[in-house]
Asker: 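Okay, here's the structure, questions in a sec.
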Amino acid sequence: MAKHSATAKYSSSEITASPASPAKAGKSAVITAEQRQHMIAEAAYYLAERRGFDGGDPSQDWLAAEAEIEQRLKAAPPH
């Protein structure tokens with residue numbers, strides 16, 4: 001079985017945080033709350049998959065995935 005990183009589907013070049021001001025909106029993609037939630041859910045799934053879905057706490061998986069996605073969103077270069 002292939003191992004995936006927690007956010008295998010999303011590279012930092014694909015993730016761009018919401019722009020700080022509307023004037024920058026044309027230069028940056030905006031991540032909606034729904035997209036962010038989907039990214040976190042997928043990352044949490046990969047965390048559980050890495051341990052073979054054995055044990056663990058779904059809430060802790062979510063929190064770890066949320067922290068990783070937030071870090072990637074903040075680190076993403078503006079377009």
Side-chain angles (χ1 to χ4, degrees):
M1 181 178 289
K3 300 218 178 208
H4 300 280
S5 70
T7 56
K9 186 175 176 182
Y10 303 101
S11 69
S12 60
S13 64
E14 295 173 310
I15 302 171
T16 304
S18 300
S21 69
K24 294 182 182 178
K27 297 186 182 210
S28 297
V30 176
I31 301 297
T32 67
E34 184 177 344
Q35 290 168 321
R36 179 182 172 274
Q37 183 172 357
H38 178 78
M39 292 167 72
I40 294 167
E42 187 172 17
Y45 172 87
Y46 285 128
L47 288 171
E49 180 185 55
R50 272 199 307 242
R51 69 170 178 277
F53 301 103
D54 187 28
D57 178 3
S59 297
Q60 290 302 315
D61 290 342
W62 184 273
L63 293 173
E66 185 174 38
E68 182 173 343
I69 293 298
E70 286 304 310
Q71 180 182 22
R72 288 177 178 251
L73 287 171
K74 288 178 182 174
H79 286 47

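Along the sequence shown, the residues carry numbers beginning at 1.
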Asker: Looking at Arg72 and Glu68, is there a salt bridge between them, counting it only when a charged N and a carboxylate O are closer than 4.0 Å?
Answerer: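 Here Glu68 pairs with Arg72 in a salt bridge, since their nearest N and O are under 4.0 Å apart.
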
Asker: Please set out all donor-acceptor pairs under 3.5 angstrom arising from side-chain atoms of residues 58-65, sequence neighbours excluded.
Answerer:
from	atom 1	to	atom 2	distance (Å)
Asp61	OD1	Arg51	NH1	3.0
Asp61	OD2	Arg51	NH1	3.3
Asp61	OD2	Arg51	NH2	2.6

Asker: What pairs with Gln71 under side chain to side chain donor-acceptor pair (under 3.5 Å), at least two apart in sequence or on another chain?
Answerer: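 Partners of Gln71 by the side chain to side chain donor-acceptor pair (under 3.5 Å) criterion come out as none, since no residue qualifies.
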
Asker: To the closest 0.5 Å, what do you measure between CD (Glu66) and CD1 (Ile69)?
Answerer: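 Result: 9.5 Å between the selected atoms.
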
Asker: So which atom in Arg36 and which in Ile31 form the shortest heavy-atom distance, rounded to 0.1 Å?
Answerer: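 So the two residues come closest at N-CG2, 3.8 Å.
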
